[in-house]
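Proteins get letters first, then strands, A, B, ... in listed order; numbering begins at 1 in each.
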Protein chains: 2
Amino acid sequence: MAVKCDNCPLRELEIFVPFTTEEARFMKGFKIGELTVDAQTPLLIEGSNAPQLYTVLAGQGVRFKTLEDGRRQVVNFVFPGDFIGLQAGVMGEMGHSITSATEMTLCVFDRAEIWSLFKSHPDRAFDLTWLAASEEMFLGESLATIGQRSALEAVAWTLQRLFQRGEALGLTTANEMPLPFRQQDLADALGLSLVHTNKTLAKLKDRGMVLWQDGVLGILDRTGLSDVAGIPMEALRPRPLI
Amino acid sequence: MAVKCDNCPLRELEIFVPFTTEEARFMKGFKIGELTVDAQTPLLIEGSNAPQLYTVLAGQGVRFKTLEDGRRQVVNFVFPGDFIGLQAGVMGEMGHSITSATEMTLCVFDRAEIWSLFKSHPDRAFDLTWLAASEEMFLGESLATIGQRSALEAVAWTLQRLFQRGEALGLTTANEMPLPFRQQDLADALGLSLVHTNKTLAKLKDRGMVLWQDGVLGILDRTGLSDVAGIPMEALRPRPLI
DNA sequence: GTCACGATATGTCGTCTGACATACGCGCAA
DNA sequence: TTGCGCGTATGTCAGACGACATATCGTGAC
């Protein structure tokens with residue numbers, strides 16, 4: 001890990017969420033610095049109370065829980081703009097771990113400053129709650145996917161949601177986006193075995209719907225994929241940025 | 001549905017969260033009234049933007065999502081003290097529906113007042129975020145349960161968590177608590193078929209661990225159940241009340 | 001009383017998914 | 001070059017879970 005500030009991609013993000021000058025000044029004080037980590041680096045650990053919170057500026061990661069016997073559940077995938085450490089920030093304990101999947105650049109905040117945010121910037125505090133509620137909503141959908149959908153439906157649904165997120169973030173070019181995760185990560189996200197996930201992916205590939213190779217996801221048949229996934233292929237609304 | 005105020009169980013709840021006089025005055029203005037509904041009454045509908053939010057004063061309910069083809073995923077069970085409608089309150093849209101399982105008494109709030117809460121009562125706004133983060137944490141655990149645990153483990157885990165919640169709320173007497181849900185609700189919560197849920201429950205009953213009959217859950221072997229569930233059988237921390 | 005309906009219970013059989021084995025390609029180190 | 005580890009791919013077999021059928025019990029309508 002090394003703190004650095006060059007080549008900062010923050011400008012990109014400011015396109016999405018324009019700050020007022022006062023807000024910018026406050027957030028600047030809120031911000032401790034920037035952090036760049038390598039791929040496969042643990043950022044936050046389940047059960048810990050991290051003193052620092054992050055906003056992802058670049059790179060991707062994985063949120064996951066580990067059961068006592070080693071089984072792993074991927075709770076969500078982390079993308080630029082995501083806020084990391086909210087649970088530690090308000091509850092004093094993370095419910096899951098977070099690890100980078102690629103090199104990541106993070107905006108670092110001080111946990112103790114959350115209070116001042118609630119006191120002096122209620123609109124930003126509201127955004128924080130919005131993020132938490134949004135995450136809760138997504139987890140509810142994931143629950144429905146894992147609980148109710150078949151393996152084929154679940155994989156199609158997940159790839160579609162990932163691509164929708166990519167589109168909302170401008171990570172896509174034509175019908176492709178970077179997806180630097182392993183099949184094992186997807187399997188752990190869906191509660192499927194690695195082998196069955198692989199075979200299910202092969203089925204979607206055979207049907208000419210998706211192509212996921214070398215860390216790049218390609219959507220070849222949007223409508224077909226939507227039919228299998230059971231949700232319309234529309235883009236997502238933008239999220240507030242903390 | 002009928003609004004009434006007699007026989008109000010609010011006193012009970014105030015034991016857990018003492019308000020300052022100013023807070024009490026504010027919350028009193030925040031509160032519109034009380035609502036009592038029969039069992040099996042829809043309270044909030046997925047996708048809707050309810051003008052009113054609730055805190056559960058008495059009774060139990062179910063949060064659930066419905067897929068296009070009718071499949072149902074129970075997201076969580078609702079107990080006294082739970083806040084209902086947060087997603088509609090901050091995002092303008094519910095991600096799941098909520099239906100009462102028993103007769104329920106609810107404290108009614110105005111959705112529009114959430115803003116004033118953030119502006120003038122940052123500590124209460126913080127509690128709101130705490131609740132959202134807490135719910136997110138629980139959903140993460142549920143994901144891990146549905147995704148990773150076997151049917152037997154999952155049922156044991158759920159019954160244990162339900163009993164822990166009951167203990168934290170003072171709903172338990174000795175080793176029993178009211179659990180007015182159907183086996184179908186549990187099945188939909190775990191992504192299992194009704195039949196398999198029934199057989200799994202029978203297995204736990206045969207082992208002398210639990211007894212769930214006539215809306216009453218009895219824990220006969222706490223340590224045995226904990227072993228199967230894979231989590232220690234300790235009580236939960238109290239939650240803030242909105 | 002009796003009929004219908006919902007919830008729970010239990011058996012049989014089929015299938016979706018997991019476990020295990022094996023193979024291929026690639027990057028990396030000796 | 002050779003060997004090793006990691007991720008991906010594919011086949012066979014086994015098991016957990018779902019689908020269907022059926023039965024019991026209690027409640028409510030008539």
Side-chain angles (χ1 to χ4, degrees), chain A residues 38-40 60 62 67 69-74 99 101-102 145-159 178-207 210-218 228, chain B residues 38-40 60 62 67 69-74 99 101-102 145-159 178-207 210-218 228:
Chain A
D38 291 335
Q40 308 300 332
Q60 279 125 315
V62 173
L67 274 63
D69 55 11
R71 284 177 286 187
R72 191 179 79 131
Q73 175 68 42
V74 168
T99 295
T102 64
T145 293
I146 298 184
Q148 306 299 325
R149 295 190 221 263
S150 68
L152 190 70
E153 295 171 323
V155 170
W157 182 89
T158 305
L159 293 181
L179 197 67
F181 305 109
R182 298 165 303 168
Q183 293 185 0
Q184 181 71 63
D185 295 320
L186 180 59
D188 288 342
L190 297 177
L192 299 173
S193 69
L194 171 61
V195 173
H196 198 63
T197 302
N198 179 289
K199 289 174 181 173
T200 306
L201 281 168
K203 207 171 286 184
L204 288 175
K205 196 196 319 185
D206 290 345
R207 295 191 186 181
V210 301
L211 196 60
W212 182 21
Q213 283 179 344
D214 305 320
V216 176
L217 171 66
V228 177
Chain B
D38 291 336
Q40 307 300 333
Q60 278 126 317
V62 172
L67 274 62
D69 54 10
R71 283 176 287 186
R72 191 179 78 131
Q73 174 68 42
V74 169
T99 295
T102 65
T145 293
I146 298 182
Q148 305 300 326
R149 294 190 222 262
S150 70
L152 189 70
E153 294 171 324
V155 170
W157 183 87
T158 305
L159 294 181
L179 197 67
F181 306 109
R182 298 165 304 168
Q183 292 185 0
Q184 182 70 63
D185 295 320
L186 180 60
D188 288 342
L190 297 177
L192 298 172
S193 70
L194 172 60
V195 174
H196 198 63
T197 302
N198 179 288
K199 289 174 181 175
T200 305
L201 280 168
K203 206 172 287 184
L204 287 176
K205 196 197 319 185
D206 290 344
R207 296 190 186 182
V210 302
L211 196 60
W212 183 20
Q213 282 179 346
D214 305 321
V216 175
L217 171 66
V228 176

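Residues A:Ala101 and A:Gln40 share a closest heavy-atom pair of O-NE2, 3.8 Å. Here the closest heavy-atom approach between residue A:His196 and residue A:Thr200 is recorded as O-OG1, 2.7 Å. Smallest separation of non-hydrogen atoms from A:Leu190 and A:Ile146: O-CG2, 3.9 Å. Taking each heavy atom of B:Phe181 and B:Trp212 in turn, the nearest pair found is O-CZ2, 3.2 Å. For A:Glu153 against A:Val228, the heavy-atom pair with the smallest separation is CG-O, 3.5 Å. Taking each heavy atom of B:Gln148 and A:Gly191 in turn, the nearest pair found is NE2-CA, 4.0 Å.
The interatomic distance linking B:Lys203 (NZ) with D:dC17 (C1') rounds to 10 Å, in whole Å.
By the 4.5 Å heavy-atom criterion applied to side chains, B:Val155 and B:Val210 are not counted as neighbours. The closest side-chain heavy-atom distance from A:Gln73 to B:Arg149 is not below 4.5 Å. Side-chain contact between A:Pro178 and A:Val216 is absent, with no heavy atoms from C-beta onward closer than 4.5 Å.
Against DNA chain D, the stretch residues 149-159 of chain A makes no heavy-atom approach under 4.0 Å.
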Would you list the protein and nucleotides 6-10 of chain D atom pairs, both N or O, that sit under 3.5 Å from each other?
residue : atom : partner  : partner atom : Å
D:dG7   : OP1  : A:Arg182 : NH1          : 3.2
D:dT8   : OP2  : A:Gln183 : N            : 3.0
D:dA9   : OP1  : A:Lys205 : NZ           : 3.4
D:dA9   : OP2  : A:Gln183 : NE2          : 2.5
D:dA9   : OP2  : A:Asn198 : ND2          : 3.1

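Residue-level contact check: A:Gly215 touches neither bases nor backbone, having no heavy atom under 4.0 Å from any strand.
Here chain A contacts DNA chain C (any atom closer than 4.0 Å to a heavy atom, that is under 4.0 Å), and the contacts span C:dT17 to C:dC20 from 5' to 3'.
A salt bridge links A:Arg72 with A:Asp185: the distance from a Lys NZ or Arg NE/NH1/NH2 to an Asp or Glu carboxylate oxygen falls below 4.0 Å.
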